[in-house]
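Index from 1, following the sequence.
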Amino acid sequence: MAPSVRLIPGKEKRVKSRHPWIYRSDIAEADASCRPGDVVSIYSHRGRFLAKALYNPDSQISLRIMSYRDEPIDHDLIFRRVHDAIEYRRTFADLKSCRLIFAESDRLPALIVDSFQDVLVLQCLSLGMEQFKKDVVDALVEEMHPKGIWERNDVPVRRLEGLEMTTGLLYGSVPDQVKITENGVQFWVDVKEGQKTGFFLDQKENRAAIAPFVKDQKVLDCFTHTGSFALHAAHYGAKSVTGIDISDSACTFAEKNAILNGFQDLVHFVTANAFDYLGEASRTGEQFDVIILDPPAFTKTRAAVESASRGYKEINLRAMKMIRPGGYLITCSCSQHILPELFRKIVLDAAEDAHVFLRQVEFRTQGKDHPILPSSPETQYLKCGIYQVFPI
């Protein structure tokens with residue numbers, strides 16, 4: 001019988017709403033036998049069974065729900081969950097460039113698995129799921145038959161779970177870089193040293209969505225990282241593309257990707273702070289037909305939402321001032337705590353200050369391989385607005 005925890009009166013509502021997290025402050029008591037990383041049964045204060053979860057009293061998120069049924073959380077369940085996650089993606093995705101497992105959205109809390117050609121990259125961000133890592137690897141091998149699986153657990157959040165930061169080989173063999181194709185564009189992916197798992201797959205569908213707006217246009221891609229939006233713009237027929245990133249190494253890698261696609265004469269990368277670049281270019285009167293903003297998260301906490309909002313407003317305001325009449329702004333935010341309605345308001349406030357009129361073409365989110373749980377707003381973190389910009 002699994003050890004158990006009881007919740008404070010009223011806190012069972014969170015479980016009933018199917019939110020997958022229970023916070024440490026919601027727990028009334030835990031059995032003396034409960035150990036960090038254990039599978040535990042959750043009960044209401046009246047003793048009614050609610051769910052099975054992974055337990056870590058040292059984490060603010062102390063309970064990560066695995067099942068709302070009183071069933072074994074074991075090797076067989078892990079295999080079923082991995083199979084279900086991959087089978088879902090087989091219905092629509094290219095499994096050679098795809099997020100195979102998206103944590104709570106696939107009922108495998110704090111577990112991320114990305115697929116790059118014949119290599120899988122895994123992140124395990126909770127102590128409880130770490131106990132099942134071998135089962136996860138075995139299930140991935142059975143489902144995907146990869147050449148190799150690489151661990152990218154060099155993430156500071158693991159320390160909050162009492163885990164070490166680590167990277168390394170989990171299965172087979174893995175090269176330093178892997179070549180993938182996304183929407184017909186080729187990219188080198190640095191699976192061992194690149195940001196997060198090496199490539200941002202969540203924007204895949206949004207990068208395809210820019211096709212109608214960039215053909216024969218002069219395009220600026222800010223925060224280009226390794227050139228993903230910039231090279232898509234070139235692929236879809238832009239007449240010129242400039243990519244901006246503050247990281248010189250990112251720009252060098254982006255240039256390598258441009259050469260891979262034969263775009264080295266069409267796409268140019270500049271190492272610069274995007275805020276500074278937009279400010280200076282605006283002062284010189286330079287204009288673009290399309291500007292793409294895909295910055296890193298400006299906040300990772302609720303406490304910093306106000307300052308992050310100012311940053312998003314400023315970068316959007318500067319971009320709007322540089323878009324020719326009737327041109328397009330493609331603006332994104334991956335900050336989880338900047339909710340979609342707040343992001344829309346930030347963009348609208350920027351338009352007011354920039355003295356422009358916006359027409360919304362689309363308002364998008366992350367790709368279908370990053371599914372959203374309606375019960376968990378945290379799973380919808382990516383916003384991507386496509387707006388046509390007119391002077392007032």
### Query
Can you hop from Val119 to Val189 via hydrophobic side chains spaced under 4.5 Å?
yes
### Task
Using side-chain hydrogen bond (donor to acceptor under 3.5 Å, both in side chains) as the criterion, point out the one residue from Asp369, Asp94, Asp106 that pairs with Arg89.
Asp106
### Members besides Tyr88 in its Ile/Leu/Val/Met/Phe/Trp/Tyr cluster (side-chain heavy atoms under 4.5 Å)
Phe92
### Task
Indicate the atoms forming the closest heavy-atom contact of Ser44 with Glu12, along with that distance.
CB-CB, 4.4 Å
### Task
Could you check whether the rings of Phe49 and Tyr43 sit parallel, tilted or perpendicular, using 30° and 60° as the cut-offs?
perpendicular
### Message
Could you check whether His232 and Asn183, counting side-chain N and O atoms only, form a donor-acceptor pair closer than 3.5 Å?
### Response
yes
### Message
Which residues end up grouped with Trp21 if you chain together Ile, Leu, Val, Met, Phe, Trp and Tyr wherever their side-chain heavy atoms are less than 4.5 Å apart?
### Response
Tyr23, Ile61
### Task
Grab the two heavy atoms, one from Ser375 and one from His19, that are nearest each other, plus how far apart they are.
O-CD2, 3.3 Å
### Query
Same hydrophobic cluster for Ile291 and Met320, using side-chain heavy-atom links shorter than 4.5 Å among ILVMFWY?
yes
### Task
Calculate, to the nearest 0.5 Å, the distance between atoms CG and CZ belonging to Asp31 and Arg6 respectively.
8.5 Å
### Query
Side chains of Thr284 and Glu286: donor-acceptor distance under 3.5 Å anywhere?
no
### Query
Looking only at heavy atoms, which two atoms of Ser126 and Met129 are closest? And how far apart?
OG-N, 3.2 Å
### Message
Please check: side-chain N/O of Glu143 versus main-chain N/O of His83, any donor-acceptor pairing under 3.5 Å?
### Response
no
### Test item: Arg99 and Ile112 side chains (from C-beta on) under 4.5 Å apart, heavy atoms
yes
### Query
What pair of heavy atoms forms the shortest contact from Glu130 to Asn153, and how long is it?
OE1-ND2, 4.4 Å
### Query
Among Val174, Thr197, Leu120, which residue meets the side-chain contact (heavy atoms from CB on, under 4.5 Å) test with Val191?
Val174
### Message
Nearest 0.5 angstrom please: Thr365 OG1 to Glu205 CD, how far?
### Response
10.0 Å
### Message
Minimum heavy-atom separation for Ser240 and Lys218, please, with both atom names.
### Response
OG-CG, 3.5 Å
### Task
Give a yes or no on this: more than 12 heavy atoms of other residues, nucleotides or ligands lie within 6.0 Å of atom CZ of Arg90.
yes
### Task
Using ring-ring contact (aromatic ring centres under 6.0 Å, His included) as the criterion, list what pairs up with Phe263, not counting sequence neighbours.
none
### Common cluster, Ile244/Leu231, ILVMFWY with side-chain heavy-atom separation under 4.5 Å
no
### Query
ring pair (Phe, Tyr, Trp, His ring centres under 6.0 Å): which pairs involve residues 106-153, sequence neighbours left out?
none
### Query
Can you name the ring-ring contact (aromatic ring centres under 6.0 Å, His included) partners of His75, sequence neighbours left out?
Phe79
### Query
Judged by atom type as modelled, is there a donor-acceptor pair below 3.5 Å linking the side chain of Arg35 to the main-chain atoms of Ala32?
yes
### Query
If you group Ile, Leu, Val, Met, Phe, Trp and Tyr whenever their side-chain heavy atoms sit less than 4.5 Å apart, what else falls in with Phe200?
none
### Query
Should side-chain heavy atoms under 4.5 Å link Ile, Leu, Val, Met, Phe, Trp and Tyr, which residues sit in the same cluster as Leu50?
Val5, Leu7, Val15, Ile22, Ile27, Val40, Ile42, Tyr55, Leu63, Ile65, Tyr68
### Query
Does a sphere of radius 6.0 Å around NZ in Lys52 hold more than 12 heavy atoms from other residues, nucleotides or ligands, not counting ones at 6.0 Å or beyond?
yes
### Query
Going by the ring pair (Phe, Tyr, Trp, His ring centres under 6.0 Å) test, which pairs reach into residues 347-392, not counting sequence neighbours?
Phe102-His370
### Task
With sequence neighbours left out, write down each residue that passes ring-ring contact (aromatic ring centres under 6.0 Å, His included) with Phe253, or none if nothing qualifies.
none
## Note on the structure
Across all chains, not counting sequence neighbours, the ring-ring contact (aromatic ring centres under 6.0 Å, His included) partners of Trp188 are none
### Query
Which salt bridge (charged side-chain N to carboxylate O under 4.0 Å, His left out) pairs, counting each pair once, include a residue from residues 235-248, with sequence neighbours left out?
none
### Task
Identify the heavy atoms of Leu293 and Ile315 that sit nearest to each other, and give their distance.
CD1-O, 3.7 Å
### Sequence neighbours excluded, every pair satisfying salt bridge (charged side-chain N to carboxylate O under 4.0 Å, His left out) that has a member inside residues 169-181
Asp176-Lys192
